[in-house]
Amino acid sequence: MVSVKVRDGESIEDAIRRFKRECERNGIMQEIKKREFYKSPSVIKKEKLAEAKRKIRRKQMKDNWSR
């Protein structure tokens, strides 16, 4: 859980800016976007498989490029 204390002489806008930055660092916004819509388990499985294939393809391309 992210918490930000307003410092002495700090404006609310600056505190909000720090809060947003902390949320971004902790990946809260990504998590919210990820959970915004329901995904069935089969869709999640397909996405993970596609991501794994992409990673393998990238690694092979990188290995071929460095030779």
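- With hydrophobic clusters built from ILVMFWY side chains whose heavy atoms lie under 4.5 angstrom apart, Val2 does not share a cluster with Ile16.
- Contact detail for Arg17 and Asp14: the closest heavy-atom pair is NH1-OD1, 2.8 Å.
- Scanning all heavy atoms of the two residues, the minimum distance from Phe19 to Val4 falls at CA-CG2, 3.6 Å.
- The only member of Met61, Lys59, Gln60 that meets side chain to side chain contact (heavy atoms under 4.5 Å, CB included) when paired with Asp63 is Lys59.
- By the neighbour-count criterion of 12 heavy atoms within 6.0 Å, atom CD of Gln30 is sparsely surrounded, having that number or fewer from other residues, nucleotides or ligands.
- Put simply, CZ on Arg25 and CZ on Arg18 are 10.0 Å apart, with the number rounded to the nearest 0.5 Å.
- To the nearest 0.5 Å, atoms NZ (Lys62) and NZ (Lys55) are separated by 13.0 Å.
- The residues Lys34 and Glu31 are annotated as salt-bridged, a charged nitrogen and a carboxylate oxygen being separated by less than 4.0 angstrom.
- Taking a cutoff of 4.0 Å between a charged side-chain nitrogen and a carboxylate oxygen, Lys48 and Glu51 do not qualify as a salt bridge.
- In this structure, SG in Cys23 is found 10.5 Å from CE in Met1, a value given to the nearest 0.5 Å.
- Counting non-hydrogen atoms of neighbouring residues, nucleotides and ligands closer than 6.0 angstrom, the CD atom of Glu24 reaches no more than 12 such neighbours.
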